[in-house]
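Input: a single structure, listed below in structure tokens.
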Protein chains: 2
Amino acid sequence: MSALDGLEVRRTTTAQQLADGLSERIMAGAFGPGDRLRESAIAAELGVARNTIREAVRILELTGLVRYEVNRGAVVIAPTAEKIEALYTARERLETAALVRTPRPEQLAAITEAFDALCDAATNDPSAIVDRDLAFHQAIVALLDSTRLDEFFASLTQELRFYLTVLAKDETADEVIAEHRAILDAVRLGDRDRAVAEIHAHVEVSVERLKAVLKN
Amino acid sequence: MSALDGLEVRRTTTAQQLADGLSERIMAGAFGPGDRLRESAIAAELGVARNTIREAVRILELTGLVRYEVNRGAVVIAPTAEKIEALYTARERLETAALVRTPRPEQLAAITEAFDALCDAATNDPSAIVDRDLAFHQAIVALLDSTRLDEFFASLTQELRFYLTVLAKDETADEVIAEHRAILDAVRLGDRDRAVAEIHAHVEVSVERLKAVLKN
DNA sequence: TACAGTTGAACTGTACTACAGTTGGTCGGC
DNA sequence: GCCGACCAACTGTAGTACAGTTCAACTGTA
């Protein structure tokens with residue numbers, strides 16, 4: 001702790017801030033899936049130059065929330081059955097790989113804590129359920145002890161979180177809790193096969209639920 | 001096969017082409033690790049506007065070859081012991097996860113083929129050894145049946161390939177072949193534990209070799 | 001000689017303008 | 001109702017300008 005803690009001159013660029021802001025707005029639903037991000041409009045509204053917006057959007061592209069189409073500019077990603085399946089498949093492989101490892105005590109504690117937070121949200125703050133849900137799985141992936149995989153999983157998570165919010169999945173909290181408790185229990189008991197099976201089931205159910213919502 | 005096959009008007013932007021070109025040049029050693037990509041210089045040399053170069057470099061950032069530093073612009077990534085370890089750890093986790101799965105016949109064939117290509121390169125085209133080496137591992141990761149993980153692994157591979165070329169690792173081809181044959185044999189025999197152990201050893205050795213080179 | 005402070009050139013970040021080419025819709029003709 | 005021409009909006013790219021930052025060379029001082 002230095003005497004200069006907290007004193008930090010802005011160590012970021014306008015484009016970066018714009019990217020963060022746009023990301024928030026998109027996640028909040030200001031732009032729907034498939035929407036185009038019109039440069040001039042955004043630039044005018046936010047009072048910055050168009051090329052700055054372009055940079056911001058390129059930065060956004062890093063996080064996977066938008067992609068570029070030639071002569072159409074930036075487009076917000078849109079969920080499809082294939083994309084959702086691919087997403088969950090990757091998740092399932094990573095979590096499966098994580099669950100066959102023996103957790104260190106603090107890792108087990110982190111997972112347990114994540115689960116408790118999820119339970120808490122279920123009763124006290126339903127809007128946070130999705131976040132806590134994803135955080136629980138992030139804690140599982142952390143068992144792999146790989147920062148690169150943690151980051152990758154986080155990017156999958158970000159994408160998924162977007163899909164979940166736009167699809168307004170309204171799963172009953174009870175189900176969610178039950179599924180996650182089953183995973184947690186298996187992990188705590190050291191029953192790897194069951195943990196893996198539970199994750200598999202959890203993914204399967206989730207994908208089906210989402211695909212059902214997709215079809216409206 | 002349509003009569004119009006191959007007829008495709010340029011479905012790409014200048015910035016994209018520049019990104020590809022720059023990527024090639026960097027991989028070829030035109031820019032070393034830690035080098036800054038000076039926008040005006042590149043723009044002048046290639047006869048394009050500076051903002052176009054900026055866009056190209058932002059696209060490059062997607063592939064992980066460069067990263068941006070505030071007020072210093074784009075900088076070519078540089079290997080450090082930590083980064084190399086993180087890279088190989090992620091690789092090891094992914095390949096381990098892949099090797100506990102039961103390969104389908106065509107997957108096994110693909111891995112075998114990759115190995116044969118590696119052997120061929122060892123005698124006929126030493127410059128291709130690194131590529132074939134990485135392709136072999138990509139074939140292993142393909143066992144996971146996840147396009148998202150395939151893509152992620154490919155990005156790790158790209159990064160690693162760069163480090164390998166700049167570090168000019170001159171491993172003897174014999175060693176490489178031997179290590180990979182050990183992995184292949186274990187896979188073919190369905191001996192998962194041994195396959196995983198071989199991958200682990202392979203990664204361990206590789207990291208140590210690279211770290212040794214890093215220290216000059 | 002070593003070191004701190006100053007200075008200036010080079011470069012990035014951002015804004016603004018301009019224009020050719022593309023896209024997507026609208027409108028009139030059939 | 002379908003087709004093609006036309007038009008408005010927008011992207012991709014070029015070019016210019018300038019404030020703020022970085023970095024290395026230079027200068028003065030102990």
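Since we're looking at a predicted model, the values are computed, not measured. Just the heavy atoms: all of them, side chains too, but no hydrogens, waters or symmetry mates, feed the values below. Protein chains get the first letters and strands the later ones, always in sequence-line order, with residue 1 at the start of each.
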Q | Partner residues of B/Glu92 under the salt bridge (charged side-chain N to carboxylate O under 4.0 Å, His left out) criterion, sequence neighbours left out | A | none
Q: Only pairs at least two apart or in different chains count here, so list each salt bridge (charged side-chain N to carboxylate O under 4.0 Å, His left out) that has a residue in residues 57-70 of chain A.
A: A/Arg58-A/Glu61, A/Arg58-B/Glu55, A/Arg67-A/Glu69, A/Glu69-A/Arg72
(Q) Checking the side chain of B/Asp131 only, and the main-chain atoms of B/Ala128 only, is there a donor and an acceptor separated by less than 3.5 Å? (A) no
(Q) For DNA chain C, which residues of residues 63-77 of chain B approach it to below 4.0 angstrom with any heavy atom? (A) B/Tyr68, B/Glu69, B/Asn71, B/Arg72, B/Gly73
Please identify each residue that fulfils side chain to side chain donor-acceptor pair (under 3.5 Å) with [X], with sequence neighbours left out.
X: B/Asp20; answer: B/Gln16
X: B/Thr80; answer: B/Glu82
X: B/Asp120; answer: B/Asn124
X: B/Arg101; answer: none

Q) How far apart are the closest heavy atoms of A/Val176 and A/His180, and which atoms are they? A) O-ND1, 2.7 Å
Donor-acceptor pairs are to be reported for all side-chain atoms of residues 139-150 of chain B against protein atoms at under 3.5 Å, with residues two or more places apart or in another chain.
from, atom 1, to, atom 2, distance (Å)
B/Asp145, OD1, B/Arg104, NH1, 3.3
B/Asp145, OD1, B/Arg104, NH2, 3.2
B/Asp145, OD1, B/Gln107, NE2, 3.3
B/Asp145, OD2, B/Arg104, NH1, 2.8
B/Ser146, OG, B/Leu149, N, 3.2
B/Arg148, NH1, A/Glu159, OE1, 3.4
B/Arg148, NH1, A/Glu159, OE2, 3.1
B/Arg148, NH2, A/Glu159, OE1, 2.9

(Q) Tell me which residues in residues 41-53 of chain A lie within less than 4.0 Å of DNA chain D, going by non-hydrogen atoms. (A) A/Arg50
Q: Classify the nucleic acid contact of B/Leu37 as base, sugar-phosphate or nothing, counting any heavy atom under 4.0 Å across all strands shown.
A: sugar-phosphate
Q: Rounded to the nearest angstrom, tell me the gap between atom CD in A/Glu39 and atom P in C/dT23.
A: 15 Å
Q) B/Arg58 has an atom CZ; how far is it from atom P of C/dT12, in whole Å? A) 12 Å
(Q) From C-beta outward on B/Arg36, which listed nucleotide comes closest to its side chain: D/dT13, C/dG24, C/dT12? (A) C/dT12
**Q.** A/Ser40 side-chain N/O to D/dT11 phosphate OP1/OP2 under 4.0 Å
**A.** yes
Q: Not counting sequence neighbours, which residues clear side-chain contact (heavy atoms from CB on, under 4.5 Å) with B/Val205? List them please.
A: B/Glu179, B/Arg209
Q) Where does DNA chain D form stems of at least three consecutive Watson-Crick or G-U wobble pairs, each pair having both distances below 3.5 Å? A) C:1-30 with D:1-30
**Q.** ring pair (Phe, Tyr, Trp, His ring centres under 6.0 Å) against B/Tyr163, all qualifying residues, sequence neighbours excluded
**A.** none
